[in-house]
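Residue numbers start at 1 and run along the sequence shown.
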Amino acid sequence: MTGSPRSRYPPGVGPALVEPLAWDSEFFGFPIGRADLDGVTAEKLTAIEALARELGIVCLYGTVDPARGTEPYLVQTFGHRLVEVALTFNRPAVPFSPKPTASVVRRGNVDDLPALDASIRTLAPWSRFGADPRFGPEAARRMHGAWVERAACDIDARERMLAIAEDDSGITGFSTHVRSPTPRVDIMGVTRQGSGSSWALMDELVSWADGGPIEAGPCAARNIAPLRFLEHCGFSISRSQYLYHRWLDEDTEVRR
């Protein structure tokens, strides 16, 4: 008689620790999963990798709290490559006073998507996917485009919203907003520098959130410009994470 399916895993490791990601897998065309690597040991990492292989995962996303002692180093000895330091920001429910701008904001729709392509391309290199050559900037651009399209297709803007900033010359910027669990801006792109569109778009987010608390990000720590802008808007860092990709079709020499 064999034991239960969980009996081959060490304490704290089981099937729930590797989460297959259906949307990412379909979008990129190969199986992708995710694992929380906080608190891992060498034994647990070995078991997580074995489980990921059983599930047919090709690329495993991993996250680690930077404050977790030697864990950020340990996971790299198991082939998890650091692709980003991600920062999440929050802003309390306080009044927002945007800088003056000629840009006004309206709700975007799918007809606006072609005009946003050039701006989306400028965002792709700042993505974790753009930083990983196994995905690359073009895959990152396609993923950003898919996120923007998903927001544009929420016609009633109940859960997602595409916001378009424009003035007499045309579109000056855009952002995508997500309502749950806390209203958040996840993408913002400026199509014309110096237009003040970022301030107008942030003002729209505050209004969409009914003046309540809002979040921003995750944002790449290496992307200084948005970090400075968020600070000017009254945001503060609420969370930092190391993001890793483990390609299971690559051999790794583990050092213990």
Could you tell me whether the side chain of Phe129 reaches within less than 4.5 Å of the side chain of His144, counting heavy atoms only? no
Answer with yes or no whether the hydrophobic clustering places Val178 together with Met188; edges join I, L, V, M, F, W, Y residues whose side-chain heavy atoms lie under 4.5 Å apart. no
State, yes or no, whether a side-chain contact exists between Leu60 and Ile48 at a heavy-atom distance under 4.5 Å. yes
At what distance, to the nearest 0.5 angstrom, does CH2 of Trp147 lie from OG1 of Thr176? 8.5 Å
For Ile32 and Ser25, the nearest pair of non-hydrogen atoms, with its separation, is N-OG, 2.8 Å
Are Arg91 and Phe96 in a cation-pi setup, meaning NZ or CZ lies under 6.0 angstrom from the ring centre and within 45 degrees of the ring axis? no
Tell me, do Asn90 and Arg239 make a side-chain contact under 4.5 Å, heavy atoms counted? no
Take the angle between the ring planes of Tyr244 and Tyr242 and call it parallel below 30°, perpendicular above 60°, tilted in between. perpendicular
Taking NZ, NE, NH1 and NH2 as the nitrogens, is one of them in Asp154 or Arg150 under 4.0 Å from a carboxylate oxygen of the other? no
Can you check whether Leu116 reaches Ile164 side chain to side chain, under 4.5 Å on heavy atoms? yes
So does Arg53 have more than 12 non-hydrogen atoms from other groups sitting under 6.0 Å from CZ? yes
Please report the closest heavy-atom contact between Val105 and Ala163, naming both atoms and the distance. CG1-CB, 3.9 Å
Please confirm whether the backbone N or O of Ser238 pairs with a side-chain atom of Thr88, one donor and one acceptor, at under 3.5 Å? no
Value for CZ (Phe28) from SG (Cys59), rounded to nearest 0.5 Å, stands at 8.5 Å
Leu205-Trp199 co-clustered via ILVMFWY side chain contacts under 4.5 Å: yes
Hey, are Asp117 and Arg141 close enough for a salt bridge, meaning a charged N less than 4.0 Å from a carboxylate O? yes
Looking at Thr172 and Ser103, what are the two nearest heavy atoms and their distance? OG1-OG, 2.9 Å
Ser197, Ser119, Ser169 screened by side chain to side chain donor-acceptor pair (under 3.5 Å) with Arg192, the one that passes: Ser169
Heavy-atom donor-acceptor pair, Asp65 side chain to Ala67 backbone, under 3.5 Å: yes
Please confirm whether the backbone N or O of Glu215 pairs with a side-chain atom of Thr182, one donor and one acceptor, at under 3.5 Å? no
Once rounded to the nearest 0.5 Å, what's the spacing between atom CG of Asn223 and atom CH2 of Trp126? 4.5 Å
Heavy-atom count check: over 12 atoms from other residues, nucleotides or ligands less than 6.0 Å from Glu138 CD? yes
When rounded to the nearest 0.5 angstrom, what distance separates NZ in Lys99 from NE2 in His232? 6.0 Å
Under 3.5 Å, side chain of Glu204 to main-chain N/O of Ala200, donor-acceptor pair present? no
At what distance, to the nearest 0.5 angstrom, does CG of Asp203 lie from OG of Ser198? 12.5 Å
One pair to check against side-chain contact (heavy atoms from CB on, under 4.5 Å): Leu37 and Glu71. What are the steps and the verdict? CA-CA 8 Å; Leu37 303 179; Glu71 289 169 22; over 6 Å; no
Can you tell whether the side chains of Glu84 and Arg222 come within less than 4.0 Å, N to carboxylate O? yes
4.5 Å side-chain heavy-atom contact, Met161 and Arg107: yes
Check for me whether Arg246 meets the cation-pi criterion with Phe78, that is, NZ or CZ under 6.0 Å from the six-membered ring centre and within 45 degrees of the ring axis. no
Using the side-chain contact (heavy atoms from CB on, under 4.5 Å) criterion, which residues pair with Asp132? Sequence neighbours excluded. Val83, Arg134, Phe135, His245, Trp247
Less than 4.5 Å apart, side chain to side chain, heavy atoms only: is that true for Leu227 and Cys219? yes
